[in-house]
Structures are given as C-alpha cells and as structure tokens.
Amino acid sequence: MKKRIDKRLEQFANTNNSDRPFNDVMDHYGKIEGYPTKNLSKVNMKGLPLPIRILGYFFIGTMSVGMITVFLLSLFK
C-alpha cells in the first residue's frame, strides 16, 4: 500500500510526464483494450482496418451532408 501511495505522489509531482496513465484503469485500457491514453485528439484513423475506416468515413460524410442540407433548407423557407 505504501509503494502505491508513493507512486501516485511521484506521478503528481512529476507533471511533465504526460504520456503515463493517471490511474490503473487507464493503464488497463491502454494495454488490454487499446484505448488511447496519450492524446485523444490524435487517434490514428489509418491504423484501423479498412471496413471500419470506410464505415466511419461514410457516417461522417452522411452527417455532414445532412447538416448542410438542413441548413440550406432552413434558409430558403
């Protein structure tokens, strides 16, 4: 228990080390499930399998075309 507390205090004291997970749960997500813990805004889409990328691009494209359509229809009413 003492080692764990000392480890946590050391993590909080060393604020320039941003690539380490802040708790055991995020460490588990990063190692077991592949959850990105470093920077969530820099997720590598090209690292995903091709069918998932195609599906993601399709949904993002459909939502953006739908939003533009709704915006244009609301202007002309």
Side-chain angles (χ1 to χ4, degrees):
M1 185 76 165
K2 176 90 169 128
K3 289 181 182 180
R4 184 179 231 177
I5 293 172
D6 291 339
K7 180 182 172 185
R8 295 285 167 89
L9 290 174
E10 181 183 326
Q11 285 178 349
F12 286 122
N14 191 5
T15 57
N16 61 356
N17 198 0
S18 63
D19 61 337
R20 295 177 62 190
F22 61 90
N23 62 15
D24 294 336
V25 175
M26 295 305 287
D27 188 39
H28 170 74
Y29 283 157
K31 289 180 181 174
I32 305 299
E33 298 180 2
Y35 188 78
T37 56
K38 292 182 181 178
N39 191 351
L40 296 178
S41 65
K42 292 185 178 181
V43 176
N44 185 9
M45 285 291 288
K46 295 188 188 299
L48 295 174
L50 183 63
I52 294 176
R53 278 190 288 165
I54 292 172
L55 190 65
Y57 292 142
F58 173 75
F59 282 131
I60 290 172
T62 303
M63 284 190 292
S64 57
V65 167
M67 288 173 49
I68 291 170
T69 304
V70 167
F71 179 71
L72 291 175
L73 288 175
S74 68
L75 283 178
F76 292 120
K77 258 190 173 184

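What you see is a predicted model; the values in this text were computed from it and never measured.
Residues meeting the side-chain contact (heavy atoms from CB on, under 4.5 Å) test with T69, sequence neighbours left out: V65, L73. Not counting sequence neighbours, the partners of I68 by the side-chain contact (heavy atoms from CB on, under 4.5 Å) test are L72.
Chaining together hydrophobic side chains whose heavy atoms lie under 4.5 Å apart places F58 alongside L55, F59. Annotation for I54: hydrophobic cluster partners, listed by chain and number, are L50 (ILVMFWY side-chain heavy atoms under 4.5 Å, direct or chained).
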